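Each remark here refers to the structure printed beneath this line.
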2 protein chains.
Amino acid sequence: MQNKLYAALDVGGTKIYTVLADANKQIIARQKTATLAEAGPEKVIKQLIATVRQLMKTEQLQDAQLAAVGVCIAGFYDWHNRILVHSPNLPGWSNVPLEEILAAEFAVPARVENDANAAAVGEVSFGAGRNHNNVVFVTISTGIGAGLIINGQLYRGSSGVAGEIGHFIVQPDGPRCGCGQQGCLETVASGTAIGRQGQKAAACGQSALLQSLVSEPAAVTAQEVFKAARLGDPAAQKILHEALTYLGLTLVNIVNLLNPSAVILGGGVTAAGDEILLSLRKIIAEHAVSAAAKAVQLKLAALGEEAGVLGMLALL
Amino acid sequence: MQNKLYAALDVGGTKIYTVLADANKQIIARQKTATLAEAGPEKVIKQLIATVRQLMKTEQLQDAQLAAVGVCIAGFYDWHNRILVHSPNLPGWSNVPLEEILAAEFAVPARVENDANAAAVGEVSFGAGRNHNNVVFVTISTGIGAGLIINGQLYRGSSGVAGEIGHFIVQPDGPRCGCGQQGCLETVASGTAIGRQGQKAAACGQSALLQSLVSEPAAVTAQEVFKAARLGDPAAQKILHEALTYLGLTLVNIVNLLNPSAVILGGGVTAAGDEILLSLRKIIAEHAVSAAAKAVQLKLAALGEEAGVLGMLALL
């Protein structure tokens with residue numbers, strides 16, 4: 001019988017990414033599955049179990065070879081009571097004892113983490129954060145979240161919700177957020193927010209270019225806004241400038257508070273790459289406390305969609 | 001010969017507070033001296049040495065009984081190179097190797113810390129933060145600073161400047177700060193900022209009450225603004241409401257990021273006490289992420305002007 005194996009899963013609202021790794025945490029098999037999110041938690045948990053079993057079968061491995069299972073998932077994971085309290089992208093998930101369910105199913109230790117925390121650990125262990133001890137990993141996609149590495153260790157905070165930077169209040173009289181507050185960073189700088197601004201600009205005739213990129217204004221996403229801005233469209237450039245200013249000043253405040261040696265940017269929005277990086281670096285250099293600005297490197301994440309599962313493997 | 005002793009000093013722009021403590025870190029003697037700040041670093045360092053020697057002499061103790069000396073001081077202390085880079089309240093202090101000087105003078109280990117860091121350690125070791133592992137200590141007086149306790153340990157950040165919340169940018173088009181930026185938290189919510197707003201209100205005739213409390217508008221300080229607000233003066237109440245809103249939303253963002261179990265408020269401005277505490281608690285309860293708001297206690301510092309020296313004693 002082969003050495004022990006690890007299974008790690010990243011559960012998102014649209015897809016489940018599952019990997020198997022050997023005793024050295026090297027990935028030996030991968031699989032992507034569409035999440036049946038609308039079917040509710042019971043069905044999705046069955047999917048998680050099935051993807052692990054299927055990968056093991058394909059690799060001709062048996063349950064007894066499994067050493068541990070790790071899952072990362074968006075949402076509020078209550079670390080003390082080991083309960084997934086809530087997941088914004090998964091309807092019906094409320095107080096799910098996911099660790100317990102998976103541990104019982106596979107008869108091995110199981111571990112659940114917030115997805116931004118797992119990605120932070122992944123980037124520090126294997127990616128852009130290697131050789132850094134104090135790291136803020138920021139993920140910007142539908143929402144905005146962060147994972148903190150302090151003195152080389154994942155920092156979860158006193159009740160497991162550290163890193164909720166998407167709900168930094170940056171515009172007290174700003175748009176209403178899904179959380180009930182007004183002017184959360186997510187409402188002005190997430191992919192969703194950039195897309196929504198782009199839709200408005202297309203619908204109001206402020207940007208003929210944005211209109212020309214889509215069949216109807218409602219189809220504009222952050223991607224089109226980035227594209228239009230790159231092509232010189234003033235309305236799209238203004239939308240991005242505002243979003244990046246809010247994001248940049250938030251990073252300035254985080255750099256002033258935590259004096260990290262690296263801030264790592266991940267998530268869909270950062271696929272736009274260097275433009276974002278250069279704008280944000282400039283804002284930090286110009287506005288953060290000098291000694292903190294000098295100490296920090298702003299980098300793009302290196303592991304892409306594998307950050308979460310690699311983080312879980314590092315934690316197992 | 002008696003057990004070993006510790007000396008701890010808190011060096012401010014106006015006074016030096018010196019204590020001697022026994023082997024159990026119990027204070028056995030105290031002394032306050034006016035800082036000869038304008039005379040420059042050499043003179044002030046001589047004062048530090050003299051106050052320790054004088055206290056020892058009064059207590060009939062000898063140099064050989066000293067085990068260690070600790071000093072806390074406002075400013076940027078470069079922890080790696082053990083150099084006090086800059087102190088905002090002490091003219092002429094630039095790159096002073098204070099640890100080295102004191103260690104050589106007394107032939108014992110010496111240690112220097114930023115004053116907010118020392119006070120954070122003091123409050124966690126002996127004051128309002130006991131039994132808390134993740135604590136943000138915020139000091140609000142002339143300026144605004146913070147000391148962070150993470151997993152029970154003082155967190156200094158990658159280059160020793162963690163906790164610079166006075167330079168959080170909260171109003172990007174706001175007043176110019178001493179640091180060169182615009183709209184730093186200090187410029188809208190420090191004792192200095194509250195006093196300056198009060199001076200303006202008195203000078204412009206917006207508050208007859210504020211005018212009546214002082215000989216001339218320039219004499220208004222934060223204390224008069226608090227007093228006038230308590231007496232029902234609308235202009236003073238508006239000034240405080242704005243300052244507390246900026247401070248409160250900054251605490252909301254810090255609570256969302258760090259999910260601490262306690263935020264402790266110290267410094268001169270908090271002498272106003274319960275009013276501030278109640279306002280800020282309300283803002284945190286209403287605007288922070290629910291799980292983080294529930295986990296945090298907002299408390300007033302318990303050690304007053306002794307927080308810094310007690311923190312140094314805990315660190316020695």
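Atoms considered below: every heavy atom in the structure, side chains included; atoms not considered: hydrogens, waters and symmetry mates. Residue numbering restarts at 1 for every chain, and letters A, B, ... go by the order of the sequence lines. From a predicted model like this one, the values you see are computed outputs, not experimental measurements.
The choice from A:D78, A:L249, A:L185 that makes the most heavy-atom pairs within less than 4.5 Å of chain B is A:L249. Highest contact tally toward chain A, considering only B:S261, B:C179, B:G180, is held by B:S261 [criterion: heavy-atom pairs under 4.5 Å]. Most heavy-atom pairs under 4.5 Å with chain A, from the set B:V85, B:V252, B:V296, B:L258: that is B:L258.
Counting non-hydrogen atoms of neighbouring residues, nucleotides and ligands closer than 6.0 angstrom, the CD atom of B:E100 reaches no more than 12 such neighbours. The local environment of CD in B:E286 is crowded, with over 12 non-hydrogen atoms from other residues, nucleotides or ligands closer than 6.0 Å.
Between atom NE2 of residue B:H167 and atom NE2 of residue A:H287 there is a gap of 14.5 Å, rounded to the nearest 0.5 Å. To the nearest 0.5 Å, atom CG of residue B:N256 and atom SG of residue A:C184 are 8.0 Å apart. Expressed to the nearest 0.5 Å, how far CG of B:L257 lies from CD1 of A:I254 amounts to 5.5 Å.
Under the rule for a side chain to side chain contact (heavy atoms under 4.5 Å, CB included), the partners of B:N259 that lie at least two apart in sequence or sit in another chain are A:S158, A:S159, A:V161, A:A162, B:A292, B:A295.
Between the side chain of B:N253 and the backbone N or O of A:I169 there is at least one donor-acceptor pair closer than 3.5 Å. Remark: the backbone N or O of B:V289 is not paired with any side-chain donor or acceptor of A:Q181 at under 3.5 angstrom.
For residues 118-155 of chain B, a heavy-atom distance under 4.5 Å to chain A picks out B:N134, B:L148, B:I150, B:N151, B:Y155, given by residue number.
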